[in-house]
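Here the structure comes first, spelled out in structure tokens, and everything after it is commentary.
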Amino acid sequence: MQHPYKTPLWKIFLRNILTSKINIFALSIVCISCLIALCAATGILANQWDVSISDSHTPPSLQHICGTDILGRSVLDKLIKGTEVAMSTGFFVATLSIIIGVVLGVLAGYFGGIVDTCVVWLYSTITSIPNIMLLLSLTFILGKGIVAIYISLGVTMWVGICRLIRGEVIKHKNREYILAASAIGASHFRKLWYHLLPNIWHIIIIQFALIFQVAIKSEVMLSYLGLGIQNSPSWGTMIDEAKTELIRGIWWPFTFATLAMFLIVLAFNLLSDTLRDTLDPKLKKK
Amino acid sequence: MDLKTYILRRLLHTIPIIIGIATLIFFIFNIVGGDPALTLLGKYAKAKQIASLRHEMGLDKSLFLQYIDLLKSIFTFDFGKSWHTKQNIITSLKESGWISFTLSFPPFIISCALSIIIAMVSAFYRGQFLDKTLVLISIILMSISILSYILLFQWFFAFKLDWFEIAGYDKGFPNFISYILLPGIIIIFLSIGSDIRLYRTILLDEINQDYIRTARAKGLSEVSVLFKHVLKNAMIPIVTNLITQLPFLFLGSLLIENFFAIPGLGNFIVTAINTSDFPVIKAVTILSAIVFVLFNLLTDIIYTILDPRVKL
Amino acid sequence: MLSVKNLVTTFQTRQGSIKAVDNISFDLPKGSTLGIVGESGSGKSVTALSIMRLIPKDTGKILQGDIIFNGQNITTLTESGMRGMRGNKISMIFQEPMTSLNPVFTVGNQIQETLILHQQLSLQQAQKKAIELLQMVGIPSPEKRIKDYPHHLSGGMRQRVMIAIALACKPDILIADEPTTALDVTIQAQILDLLKNLQKELAMSIIMITHDLGVVAEFCDDVAVMYCGKIIEKAPIHQIFAQPQHPYTQGLIKSIPTFHPEKSHEQRLSTIPGTLPPFHEIPSGCSFQNRCQYAQEACKGLQGTPPLALAAQAHWAACFYPLHPKTHQD
Amino acid sequence: MGIFTIISPMEKTSKPLLQVKNLSTAFPIKQGFLQRTTKKLYAVNDVSFFIHPGETLGLVGESGCGKTTLGRTLIQLIRPSAGKIIFDGQDITTMDNAQKKKLCKSIQIIFQDPYASLNARMDVYTILEEPLKIHKIGQDRNSRKQRIYTLLDYVQLPKEALYKYPHEFSGGQRQRISIARALAVEPKLMICDESVAALDVSIQAQVINLLMDLQKELGLTYLFISHDLKVVEFIAHRVAVMYLGKIVETGTTQSLYQNPQHPYTQALLSAIPTPNPQQKKNRILLQGDVPSPIHLPTGCYFHPRCWKATALCKTQYPSMTHDIHNPNNAYTCHHPLQADK
């Protein structure tokens with residue numbers, strides 16, 4: 001009651017994860033997906049995904065666990081390739097938007113004045129344009145392909161985190177520990193880097209997990225619209241192809257793609273929930 | 001400051017935002033976007049053809065004049081004609097926007113009411129089994145892709161069970177209702193998970209406030225504490241959140257309309273993308289942004305009315 | 001009027017279950033004022049919330065003990081029965097006047113709520129009564145103030161409104177949890193004066209929870225000193241200041257700087273070494289042993305926890321070696 | 001108002017370490033359609049005082065009287081709008097950034113909230129090393145470490161404390177860490193901004209003793225800002241009482257506490273509850289609340305709450321007057337209490 005933090009936060013976080021079966025499940029899903037994505041990217045797994053290995057639309061069997069698609073290619077290999085696309089999208093988009101959002105948010109919140117006015121103007125402009133329209137226009141202009149998706153998602157998704165970080169910095173910069181740092185003559189850089197940033201890390205981490213899963217969902221949607229990755233399978237294109245297959249009773253490409261995506265997004269949602277419970281002091285008070 | 005001056009001030013504040021929107025869109029379409037005439041006519045077009053098309057689209061003017069044209073179109077609401085359908089854009093937008101609205105408004109209301117009620121139940125039983133289950137269910141609902149929802153529901157409810165129309169639309173009343181039922185249900189499922197979680201957080205925030213303890217110390221029952229004291233405070237962020245969502249109802253859901261072949265604004269946009277219909281995309285982007293700005297203004301005004309603490 | 005017997009309230013924390021209130025007993029006669037003093041984390045607020053049965057359900061609960069109010073044991077009362085007590089027979093005011101009023105309801109509305117709930121008044125009657133109440137707590141032009149929202153009022157005014165709400169149904173007992181801590185000294189004096197006058201007028205009993213011994217000395221008839229969830233000393237006000245029995249009480253009294261016109265500047269304050277142990281590190285035996293200069297082997301747990309025993313007339317102390325044992329009975 | 005010649009009991013001949021002349025700190029209030037600054041809120045309003053080396057000046061007042069703003073203005077966290085702050089013969093309001101950084105070595109501050117004033121993500125070693133690094137005190141890690149050990153000795157914390165984080169300490173121990181951090185740069189003047197207000201009584205006494213020991217040992221000068229008159233009486237040599245941004249009375253502690261001249265001072269003193277049930281005193285109950293500093297009363301700011309107010313008080317702000325019987329004391333009142341006797 002008297003001491004708000006008894007144990008370091010990362011220890012509490014780890015304990016929160018390890019004491020709940022659901023969280024262990026979520027963490028292992030994320031780790032396995034990362035591993036799969038890395039293996040696919042380095043060519044260890046699913047190297048030959050575009051080679052047809054069987055007849056068109058073979059149902060799942062022991063030989064082909066997830067069956068084959070219309071061209072007789074392995075659905076499992078396509079799924080693995082799709083994992084690579086999804087995880088890389090999540091990673092790059094989250095990194096990009098965090099960098100933009102944190103830099104602008106910290107600058108705006110800390111220095112205030114004209115910098116703040118400009119940043120606020122910029123993000124209110126961007127939020128005014130409905131997200132989906134901005135995304136569409138950007139991918140439309142940048143051309144189709146995975147890089148276009150990284151950039152357009154990254155450029156649209158920094159706004160939320162920027163606003164959060166700005167608010168948090170404004171709250172923190174008048175706290176006594178920052179004033180105390182000023183009183184011992186600390187420079188702006190020192191105050192920002194050693195004092196402010198470590199105290200807002202948790203928000204950045206929570207946001208990273210959130211943006212990661214939103215990016216995966218958005219990529220699937222854009223891929224479905226034909227704006228996403230070309231010449232490589234993604235979950236979005238797989239579901240798109242399943243549109244007509246489902247009615248013909250070919251359920252497996254759809255089911256497995258849906259399941260894969262559901263698991264990853266669920267895992268990230270659960271993790272960000274645990275992160276929030278651990279790191280957000282507002283909820284800790286309860 | 002009274003309310004009138006406040007509204008006037010907020011209106012003035014929207015000017016730089018609208019200019020910002022125009023500039024951003026201009027930057028995306030007219031500078032980064034390359035030459036749309038070339039995109040439209042293809043690589044093998046003759047120079048003369050391109051020149052005449054460029055003239056027709058006003059692309060041979062200087063960038064500054066093009067920018068002025070864009071600003072002009074914001075204030076005159078004249079976005080010209082679609083390249084693809086050759087129809088006046090505003091007329092088509094009005095028609096399809098209304099269809100989108102009739103499709104998404106009823107589910108919006110139902111989902112609001114449902115999620116607020118479920119969030120209240122969850123907050124009432126906070127920390128207990130029911131609450132934990134509800135949170136888990138809402139996370140699961142949030143984690144399913146929109147594509148999967150559509151395909152699954154369409155296949156199961158419309159195809160297998162034959163409860164609903166598979167796709168299509170009929171403009172006449174009441175015929176259209178049978179077409180929007182299934183898409184409507186999907187829309188509810190899409191938003192309810194995140195809404196429950198958001199409202200639950202807002203409610204719990206209020207429940208932990210000191211004045212709730214005061215209310216309990218007065219001898220009020222938990223239900224009346226929840227319905228009177230908590231809800232009235234929580235309604236401020238909830239209502240403002242809801243109003244900011246309204247403009248998106250006109251935009252509809254691209255994917256749902258596309259799948260169910262409902263000729264709403266979303267479908268209109270998808271067609272525009274597939275046919276590289278620049279003016280349409282530009283017009284929709286600008287218009288939706290302006291509607292958003294206006295609704296944001298409305299939100300702020302309603303906020304000041306709802307919350308007695310706000311000083312103008 | 002009110003008697004608390006062997007009350008134990010526990011909370012679930014990450015470190016396990018803690019006894020925030022550990023086996024405390026006291027009586028509150030009609031019309032008198034009991035002060036509960038202690039440092040932060042000593043369990044005094046939890047005691048108050050236990051009597052009101054407002055312990056947060058998800059983490060804490062009253063493990064054992066009886067709270068007998070007018071011959072009725074309120075620990076066994078149903079929830080709805082208890083609601084009939086709260087705000088009606090037993091009222092409470094809180095420390096934070098700034099956040100304890102609901103910001104979106106008018107002051108009048110919040111006062112009327114209690115009246116309508118417990119006294120079944122009509123809206124008009126309640127409104128009239130609310131104006132009277134505001135007048136009673138010394139708020140100028142109450143007809144206007146009744147339409148104000150809490151944020152229009154200053155801290156002192158809000159605390160007056162809180163008092164008006166608490167006293168709306170003329171309760172038998174008022175529990176005041178640090179009612180003046182957040183206020184300035186001059187406002188504190190106003191509020192204490194107001195409470196004193198209202199107590200006489202309404203003939204109610206008050207439990208005053210505070211960390212300020214000065215407030216206790218001026219306001220209360222009896223004092224209970226709490227340390228680590230236990231009452232370690234309980235006595236009439238004159239006795240406890242003149243002859244504290246427990247070393248902790250003595251230390252507390254001595255560590256307050258007092259006006260000594262003749263003091264020299266070389267003087268030091270006498271202090272209690274160390275700090276209050278966290279709940280999960282409370283030593284067995286006497287919980288004060290590590291900070292006590294008189295601590296002996298017996299205090300370290302071999303003879304158990306020192307019980308609250310009569311050390312002098314009407315003077316109870318939970319100490320094996322009270323400082324002024326029974327010598328002053330003359 | 002000018003500088004009044006009050007001689008400190010401690011240093012009768014020495015020059016003041018800090019001299020504040022007609023200092024004002026104002027915050028703009030933006031109003032109306034264009035949000036122009038139409039009014040200014042004077043948190044500190046034409047304040048003058050001085051502190052001699054080795055002395056403790058207590059600054060007392062209720063919340064919102066501007067005492068915290070004054071403290072923060074002195075260490076240049078807030079820019080004053082008028083007046084001079086002369087520290088060690090130099091006017092610090094006109095300094096450039098490099099000089100200001102040097103000044104940080106001479107004036108330090110200890111804040112109220114021991115939980116908010118330490119960075120939760122730094123261990124004690126890093127917290128204490130930081131000022132040494134900034135001001136390049138100590139050539140290498142080793143000499144800095146020696147210095148940090150000395151600091152821990154000063155505030156009576158064990159060496160094991162160095163590698164712990166602030167959350168592992170109690171409020172009193174945290175306040176000791178804050179004091180050690182402030183001492184790291186060997187300041188001459190320490191501003192204690194409500195430094196013991198958030199602590200429990202038993203801990204408060206420990207910290208007050210520590211502060212007084214350090215003063216003796218290191219020859220520190222304190223500006224002790226507090227709302228608690230009992231603590232101020234104990235620790236301060238001289239006291240200044242603030243009300244709505246102005247100093248209304250100042251003097252040596254003993255004479256001010258025994259013979260307050262300003263009615264506000266008297267009301268403040270009488271409002272303190274004393275932990276002695278035998279002593280029943282006549283309490284002066286002030287009417288109403290402190291007025292808002294945005295809408296200041298005319299004339300003497302205290303007149304709406306004053307029981308001695310006359311027509312004169314409503315129109316004219318009284319000037320600083322010296323007490324005839326007690327030349328060390330001064331007050332701003334048209335009707336000082338002395339006249340009663």
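Below, chain A is the first sequence line, B the second, and so on; all start at residue 1.
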When the 4.5 angstrom heavy-atom criterion is applied to C:Ile253 and chain D, the contacting part is neither
Testing C:Leu276, C:Thr275, C:Ile272, C:Thr271 one by one against D:Ile203 for a side-chain contact (heavy atoms from CB on, under 4.5 Å), which residue passes?
C:Thr275
Gap between atom CG of C:Asp212 and atom NZ of D:Lys230 - 0.5 Å precision
5.0 Å
Quick check against the 3.5 Å criterion: does D:Gln206 have a side-chain atom that pairs as donor or acceptor with the backbone of C:Gly274?
yes
Check side chain to side chain contact (heavy atoms under 4.5 Å, CB included) between C:Glu96 and all other residues, then give those that pass, not counting sequence neighbours.
B:Asp210, C:Thr99, C:Ser100, C:Ala182
Please state whether the side chain, the backbone, both or neither of D:Asp228 comes within less than 4.5 Å of a heavy atom of chain C.
neither
How would you list, by chain and number, every residue that makes a side chain to side chain contact (heavy atoms under 4.5 Å, CB included) with D:Thr69, sequence neighbours excluded?
D:Thr25, D:Phe27, D:Ala43, D:Val44, D:Thr73, D:Ile78
Taking a cut-off of under 4.5 angstrom between non-hydrogen atoms, the residues of residues 183-190 of chain C near chain D are C:Asp184, C:Val185, C:Thr186, C:Ile187, C:Gln188, C:Ala189, C:Gln190
Minimum heavy-atom distance between C:His211 and D:Val201, given as atom pair plus value
O-CG2, 3.8 Å
Heavy-atom cut-off 4.5 Å, strictly under: side chain, backbone, both or neither for C:Val216 against chain D?
neither
Neighbour count >12 (heavy atoms, 6.0 Å) for atom NZ, C:Lys144:
no
Option that, when pairs with chain D are counted at under 4.5 Å, heavy atom only, ranks first among C:Ser154, C:Cys220, C:Gly155, C:Gly214
C:Gly214
Shortest non-hydrogen contact from D:Phe234 toward C:Pro257
CB-CB, 3.9 Å
Which atom pair, heavy atoms only, marks the closest approach of C:Arg291 to D:Ser202?
NH2-OG, 3.3 Å
Measuring from atom CD of D:Gln204 to atom CG of C:Leu269, what distance do you get when rounded to the nearest 0.5 angstrom?
8.5 Å
Chain C contact residues among residues 284-293 of chain D, heavy-atom distance under 4.5 Å
D:Leu285, D:Leu286, D:Gln287, D:Gly288, D:Asp289
